[in-house]
Structures are given as C-alpha cells and as structure tokens.
Amino acid sequence: MIQDRRVLKPTFIPSDVVHRDHETRQLSRALKPLMDGGVPETAFLYGSSGAGKTCIAKFTVNRLQENVLDINHQYVNCWKDHSRFKTLYRVLEGIDRAVDIHRQSTPTDELLARLEEYEGPPYIVILDEADQLADTSVLYDLYRVRGVTLILIANREQDLFSQVGSRIASRLRTRTRIHFDQYSDDELASILSDRAQWGLGKDAATSSQLERIARVAEGDARVAIGILRMAAQQASDRGIQSVTDTMIQKAVPEAEAEIHQKNIQQLTEDQHLLYEILSEHDELASGELYDRYAKRASDPKTKRMVRNYLQKMTHYNLVIPDGESRGRTYRLTSAESVSS
DNA sequence: TATCCACAGGAATACGTGGGAT
DNA sequence: ATCCCACGTATTCCTGTGGATA
C-alpha cells in the first residue's frame with residue numbers, strides 16, 4: 001500500500017503547501033527585493049515545533065529559485081552544527097567553497113574571510129534551531145556579509161535574543177518577524193489527507209481516522225505524520241490496503257517511543273544513570289537526585305555538570321523539570337507509562 | 001522582614017583528543 | 001614524530017532567585 005515512502009518522511013517538502021498562505025506571503029515579501037537586485041530583509045520565523053517553520057522556509061526558497069532567479073541557498077541545522085566553525089563551514093559548503101578546508105587546519109577567521117570574498121548570485125542561508133547556537137557571534141558574522149540573506153528559525157523569540165548581544169539584537173529585531181501558530185485539528189487532518197493520498201493511495205485511511213491522528217498530535221505536524229507513517233508501515237507489513245483503527249491506536253505510542261528510544265541511545269553513562277534513578281521515582285528534588293547519583297556512580301561528576309546533563313535531557317524531551325530555583329523537581333516524560 | 005541557603009545557569013578556565021600540517 | 005588548532009568535556013567561580021527560617 002505504500003506508494004511513495006518519501007512523502008511520509010519528516011524532511012519531505014510538498015510541492016504545494018496548505019494553510020500557511022499568510023506566512024508564505026510574508027516570507028516571500030521579505031525576500032522579494034532579490035528579484036531586482038535589492039537587499040532583502042532578514043526573516044525570523046518562530047513558533048512551536050511541528051508548526052511548519054522549516055517546511056515553509058525551504059518551500060519558499062525553492063519556489064523562488066525555481067521560478068524566478070539565479071540564487072544559492074543552504075540549510076543549516078544549528079542543533080547539529082552549533083559551533084561558529086561548523087556553521088560557517090556549512091555556509092561555505094553551500095557555495096562550494098569548502099572543498100579544500102580540512103577541519104581545523106584553517107582558523108575560523110579564514111572561513112569568514114573566504115565568505116566575504118564571495119561574489120556570486122544572492123545567497124540565502126536558513127539557520128534552523130538558531131537558538132541552539134553555542135556562539136551567536138556567527139549571526140553577526142553572517143549578517144555583515146554582503147549578498148547573504150538570513151532566515152532564522154527558533155521556537156521562541158526570546159530564546160534566541162536572550163543570548164545575542166544587544167548590538168545585533170536591535171538590528172535583527174527590526175526585521176520581518178513571522179509567527180507560526182500551531183495547526184488546528186482540521187488543518188492537520190487535511191495535511192494528513194494530502195500526504196496519505198500522495199504517499200499511500202486513495203483508500204489508505206478514512207477521514208475520521210486522519211482526524212483522530214490530528215487530535216492526538218496536538219498541532220504538531222511532525223508527530224501527526226510520524227503516526228501515519230507507523231500505522232501505514234503496519235498495514236504494509238501485513239499486506240493490507242488500508243490502516244485499521246487498531247493500527248492507529250498502536251502507532252501513537254510507537255511513534256513517540258521511536259523518538260524516545262533514539263534519544264535514550266544518545267545518552268552517556270552518567271546520563272543513563274540519572275535516567276535510571278528517575279525511573280525509580282515519580283519525581284525527585286535536585287538535591288536528592290544528586291545524592292543518589294553520587295552514591296551509585298563510579299566516578300561522580302560535579303553538581304554543575306549534572307545540571308548540564310539534565311538540561312540536555314530536558315531538551316531531548318526525556319526529563320521534565322518542575323519549578324524555578326529552589327524546590328525544583330525532576331521527573332521523566334510519561335512516554336513509557338503511555339505505551340503500556 | 002531580614003537573612004540564609006539550595007539551586008539554576010552564565011562565564012572563564014583547564015584538560016584531553018583528533019587529525020591536518022610541518 | 002611533533003606541533004597546532006578547534007573541539008567536547010568537565011570544573012571552578014559567580015550571580016540571581018525564591019522558598020525557608022529566625
């Protein structure tokens with residue numbers, strides 16, 4: 001029953017997007033000066049995850065490139081390439097100027113100098129998860145390079161600007177800001193319907209099934225499509241043409257567990273231990289958590305380091321912190337209790 | 001209410017590592 | 001073989017915050 005697997009992958013960009021006309025127009029307008037040699041505005045897309053930010057950014061740039069003009073573009077995920085060096089490297093890669101750069105033999109400033117020499121067609125750089133940059137000075141670097149247009153993507157506006165120096169923050173703040181609301185259940189259902197039709201065939205799922213998936217996904221398109229993919233996989237494994245309600249029910253925790261499991265595999269030994277301790281309790285105060293950790297670990301790290309671990313695990317959606325300073329407690333995400 | 005203390009998270013710093021350069 | 005550069009990891013130091021206590 002699966003006709004085109006790519007359509008259900010998280011990275012897939014549809015040839016036509018729905019329910020984001022306003023946002024797409026805003027972004028197009030910001031980039032429009034490129035069409036007659038002008039200087040476009042820096043665009044800043046923000047909103048919760050799965051709201052279509054990355055999709056719209058890529059879609060708009062692709063369309064601009066196909067229909068209109070000679071431009072270069074590059075997509076950089078700052079969660080993966082979060083250092084100044086790596087980000088600049090990726091940016092150079094997008095214009096084929098990175099071939100002879102072998103890791104650290106070249107100082108970072110050399111990369112920037114090379115970028116400043118660039119005199120090709122306009123260059124659009126999409127910085128996804130820009131709030132994850134360890135060193136936000138790259139924003140300043142890139143902002144100053146002639147011919148480079150930035151599209152910044154982050155979950156929350158203040159997460160990005162809290163770290164950026166005030167100098168560049170004030171400059172960037174004035175640029176085009178585009179907010180992405182969560183998808184409504186209806187919008188999600190119609191997105192799913194399109195994907196199901198292209199990727200799975202007409203009768204793969206009923207509209208009420210898609211609505212059900214949309215509801216549990218809570219506005220997150222990535223989650224919704226993931227659930228559909230898992231359900232379709234089950235149907236395909238059994239050689240039947242359409243998904244059943246039972247498959248959807250099973251796919252919901254499986255889609256969550258898949259992400260969850262991937263994240264757990266990334267953990268180090270110490271982080272695993274923290275996870276294990278937390279799994280034995282409903283919730284733990286930070287002091288008690290550390291005491292238990294220090295008792296069990298063969299070579300316990302400092303409290304500060306453990307705070308870094310917990311922060312990272314929080315970002316991976318494995319741990320939920322409760323409370324601000326004193327009296328904070330930690331607990332695990334409820335993923336495994338759901339899957340039972 | 002003033003003081004104290006546990007805690008979060010930023011900044012500076014130290015250390016070990018990998019791989020190209022010499 | 002040795003040096004160098006940037007990186008990831010970890011520690012130390014520090015400031016700000018909010019709940020607990022005298």
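All values derive from a computational prediction rather than experimental measurement. The sequence lines fix the lettering, A, B, ..., with proteins before strands; numbering per chain opens at 1.
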Over all strands shown, is [X] touching base, sugar-phosphate only, or nothing at heavy-atom distances under 4.0 angstrom?
X: Lys86(A); result: sugar-phosphate
X: Arg328(A); result: sugar-phosphate
X: Tyr330(A); result: sugar-phosphate

Inset, instruction - Fit a plane to each ring of Tyr293(A) and Tyr290(A), take the angle between them on a 0 to 90° scale, and name the class: parallel (under 30°), tilted (30 to 60°) or perpendicular (over 60°). - result: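 Tilted, since the angle between the ring planes falls between 30° and 60°.
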Inset, instruction - Go through dG9(B), dC7(B), dC5(B) for me and flag the one nearest to the Ser325(A) side chain. - result: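 Of all the options, the side chain of Ser325(A) is nearest to dC7(B).
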Legend entry - Of the listed nucleotides dA8(B), dA10(C), dC7(C), the one nearest the side chain of Phe85(A):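 Closest nucleotide to the Phe85(A) side chain: dC7(C).
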Inset, instruction - Indicate whether OP1 or OP2 belonging to dC7(B) is found under 4.0 Å from a side-chain N or O atom of Tyr290(A). - result: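 For Tyr290(A), the contact criterion (side-chain N or O under 4.0 Å from OP1 or OP2 of dC7(B)) is not met.
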What is the distance, to the nearest angstrom, from the [atom1] atom on [X] to the [atom2] atom on [N]?
X: Lys312(A); N: dG9(B); atom1: NZ; atom2: P; value: 15 Å
X: Arg304(A); N: dC13(C); atom1: CZ; atom2: P; value: 14 Å
X: Gln311(A); N: dC7(B); atom1: CD; atom2: P; value: 16 Å
X: Glu288(A); N: dC7(B); atom1: CD; atom2: P; value: 10 Å
X: Asn308(A); N: dG9(B); atom1: CG; atom2: P; value: 9 Å
X: Tyr309(A); N: dG8(C); atom1: OH; atom2: P; value: 15 Å
X: Tyr293(A); N: dC7(B); atom1: OH; atom2: P; value: 16 Å
X: Asp299(A); N: dT11(C); atom1: CG; atom2: C1'; value: 12 Å

Inset, instruction - Before accepting this row, confirm whether a basic side-chain N of the pair Arg114(A)/Glu117(A) lies closer than 4.0 Å to the acidic partner's carboxylate O. - result: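 Looking at Arg114(A) and Glu117(A), the cut-off is not met.
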Legend entry - Student check: side-chain heavy atoms of His73(A) and Leu64(A) closer than 4.5 Å: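 They are not in side-chain contact.
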Inset, instruction - Report the residue from Lys295(A), Arg296(A), His272(A) that forms a side chain to side chain contact (heavy atoms under 4.5 Å, CB included) with Ile277(A). - result: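 Single side chain to side chain contact (heavy atoms under 4.5 Å, CB included) partner of Ile277(A) among Lys295(A), Arg296(A), His272(A): Arg296(A).
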Legend entry - Residue of the set Leu31(A), Thr60(A), Ile178(A), Leu45(A) for which side chain to side chain contact (heavy atoms under 4.5 Å, CB included) holds with Gln26(A):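 That would be Ile178(A).
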Inset, instruction - State whether the distance check finds a donor on one side and an acceptor on the other, under 3.5 Å, for side chain Arg326(A) versus base dG16(C). - result: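 There is none.
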